[in-house]
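Worksheet for the structure shown next.
Chain naming here is simple, since letters A, B, ... match the order of the sequence lines and numbering starts at 1 in each.
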Amino acid sequence: MRRLTWLIVGLWVLLLVSWAGADLPPEVTSWVNMIKEKYDGTTITCAFCPHPTTDAMQAMVDEFTELTGIKVRWDIIEEGYLRQKLLLEHEAKTGVYDVLLIDAFNLAEYAPSGVAVDLKPFLENKELTPEWFDYQDILPAYREGIGMYQEIIYGIPVAGETRYVGYRKDLFEKYGQRPPETMDDMLNLAKFFKGKEESLYGMAMRAQKGIHFGSGWLTVMYSLGGQLLDQKTWEVLVNNPKTVTSLEYFVDLLKQGPPDIGVYTHEEALSAFTSGRTAMWFDATALTPWVIDPTKSMISDRVGFIPPPAGPAGAYGALAGWNVGISSDSPEKEKEAAWAFIVWMTGKYKAKDYVRLGGTPVRESIYQDEELVKENWTFPVQLASLERAYNLVKEGISWIPPHPKFMKVLEVVGSYGSDVLVGSMSAREAMDKAQVEVEKIMAE
Amino acid sequence: MKKREKEHHLFILPSFITLIFIVIFPTIFLWYVSFTNYDLSMGWENKSWIGLQNYKYLFLEDKDFWYSLRISLFFSGFTVVTEFGLGLLIALLFNRRITGKRLWMSFLIIPMVITPSIVSLIWKLMLNTEYGVLNYILSLLSIGKINWLGYESALWSLILVDIWEWTPFMALILYAGLQALPQEPYEAALVDGASSIQLFRFITLPLMRPIIFISLLLRAIDSLKMFDIVYGLTQGGPGNATELLSLHIYRLGFRHTNWIGRASANAVILLLVVTLLTTVLLRIMKRESGEKY
């Protein structure tokens, strides 16, 4: 027992010595010293949910506390409950949280109620925000697509995802096919591969009734010219001919998948692809580790990826992700300490450590880092897919329309879409009915 | 004397207070909310009284309500009758001398004690068209793939899972009933030369009637409220193939739409259906046993 105690003490001393002696670049050292002088002993509280970002930051936090003297408390709340908790704490103005993990889907709801503060004053403060933080290095698609709402910066992106197409290189070579470049190619290839071999289907995607169907449909909708809502006027475009065409296309694509695709979430779609049942898969980049992990995937050595194919309206990609922001109810001094935490965790200086500890890359320099690309060969394709996601942002369109009622709309159209998939009504008929319902929702 | 007559009021007061909190207040609240436009994302203070609008929406505008009600009644009727039939057969089998009875009985309990959400996950994997074990077994028998969770068959798959999980419950209740039956009527009937079918028809069934009614009642109420398995297995899809009334309530109220008022109106209707069914079954039971209702 005594030996064990000495061993633990020894390890701690070794750890402290290694930190104290760690060679920080001079510009980092001067920032760290300034922060320590100002905020030593301050305690900040983070409201996060179980997520690779949380794991990575928790692994990095001891070093941060040692260098700056800022203590960090964690409140890890289940993902579905985090949104409700943040809204309730803000309503009661408790100010218990300083750093918030914000799902980009919820920004439209948080912004009007003032849950998080505008981070621009912090970014412009040269003392608090050193050059090595490098905000501009974060991919523009993430900066503008998931960190901002109505041009106000509410969060620094920490995890982002887009969607891309995975395909079976062996099957494509065997049958002399090329990966799809357009939406038409993709549908034709899905039709080509369906039934080509025993138990082989063309495509795997999420399509379960409701939000999953809606989310899957959004993956192809914008490239085909469809939109559910006009993001400038909030006019309902559910039965717009192009939106209806995009639904018909999506349903046609799903019909090239396994027969029970109508109950697939992203998990079943992933399983269908990784177990070798489908020639293609169109889903989130965040799921890539499962596809290329030989212990989880039967096709890990035979898979290739390409950015989302272009459609008649353009080449667009999905965009979703998480930010860290600062609570508006946090006291001023703690707000600044919280910003120091964000600078350390999300800055360029620690970006490589963050990714190696399981964090999702959000910086251009990381996607182009040779060492990291060797460790994950899908980075360049992910980056190309993100460029397509940025095309949408440049058009002034958010992949998830920034309206507080959008999740309701998606649930309703996703329910009607599922009716179209099973053949109980035509796409036109379903969208005419959905249009009436969505108009009522928007008018409420 | 008068004081003593009213003494029982004091003793039933705790139960009454408990009932007010756990049954009466929530029910009144449910009725009240069903007449408002309460929306979770709008906040409690912004709700307003809208009369019968939610009921009008359900009856006239909701594309899934009538279908949900129909399949809920069908699901409940079919599963309860099948579970009763199978449960009675198993109970009669157990009522005989069979070897390893305790072991068989413990196997029988397994489906019932598994958490329903786990049941749905297990069955979701087993029913998968491509890598599910059911289709694998069928392929060994040279039978083609069945799309278990497709539009046409998803409800039947749901029925299959419910029967798998709850037949043991029926079997155990009925077995307990059979064990408690007096032996004298059987002995007398055997002396009179009754056949085993006659014993079953004229002695077992009439004596078992109260326990049969209770088991039917419990299962009928339970199956009308069924939520967990269908939530895990299909989430009401594909299309509206398995959107039972309970799942429809959930979808209206809690799946991003946040229409708590409409969901409450739907819940009131489910409550009325369950109450009606319970009343009818209780009336039949009391009439059969000769009691006045």
Practice task
Heavy atoms only, distances under 4.5 angstrom: which of A:K433, A:M425, A:Q208, A:H212 has the most pairs with chain B? Name it, please.
Solution key: A:Q208
Exercise for the section: Answer yes when B:D39 and A:K405 have at least one side-chain N-carboxylate O distance shorter than 4.0 Å, and no when they do not. Expected result: no
Handout entry: Heavy-atom donor-acceptor pair, B:N37 side chain to B:S48 backbone, under 3.5 Å
Key = yes
Problem - Largest heavy-atom contact set with chain A, pairs under 4.5 Å, which of B:T129, B:D64, B:T242 - result: B:T129
Fill in the blank from the handout: Okay, A:E437 and chain B: the region with an atom under 4.5 Å from a heavy atom over there is side chain
Fill in the blank from the handout: Bottom line for A:Y201: the part with an atom under 4.5 Å from chain B's heavy atoms is side chain
Exercise for the section: Could you look at B:E152 and say if it's the side chain, the backbone, both or neither that has a heavy atom under 4.5 Å from chain A? Expected result: neither
Exercise for the section: Count the heavy-atom pairs under 4.5 Å between each of A:S424, A:S415, A:S275 and chain B, then report the option with the highest count. Expected result: A:S415
Exercise for the section: Run the salt-bridge test on A:K85 and A:E89 with the 4.0 Å N-O cut-off and return the result as yes or no. Expected result: yes
Exercise for the section: Would you mind checking which part of A:S199 comes under 4.5 Å of any heavy atom in chain B, side chain (CB onward), backbone (N, CA, C, O), both or neither? Expected result: both
Exercise for the section: Inspect the surroundings of CZ in B:F59 and state if more than 12 heavy atoms from other residues, nucleotides or ligands are less than 6.0 Å away. Expected result: yes
Practice task
Go through the atoms of B:W148 and report whether side chain, backbone, both or neither lie under 4.5 Å from a heavy atom of chain A.
Solution key: neither
Practice task
Could you tell me whether B:F107 atom CZ has more than 12 heavy atoms of other residues or ligands within 6.0 Å of it?
Solution key: no
Practice task
Under 4.5 Å, counting heavy-atom pairs only, tell me which of A:G423, A:P259, A:S271, A:A272 racks up the most with chain B.
Solution key: A:P259
Handout entry: Cationic N near anionic O, under 4.0 Å, B:D222 to B:R219
Key = yes
Exercise for the section: Below 4.5 Å from any heavy atom of chain B, which atoms of A:I441 appear? Answer side chain, backbone, both or neither. Expected result: side chain
Problem - Under-4.0 Å salt bridge between A:D419 and A:K209 - result: no
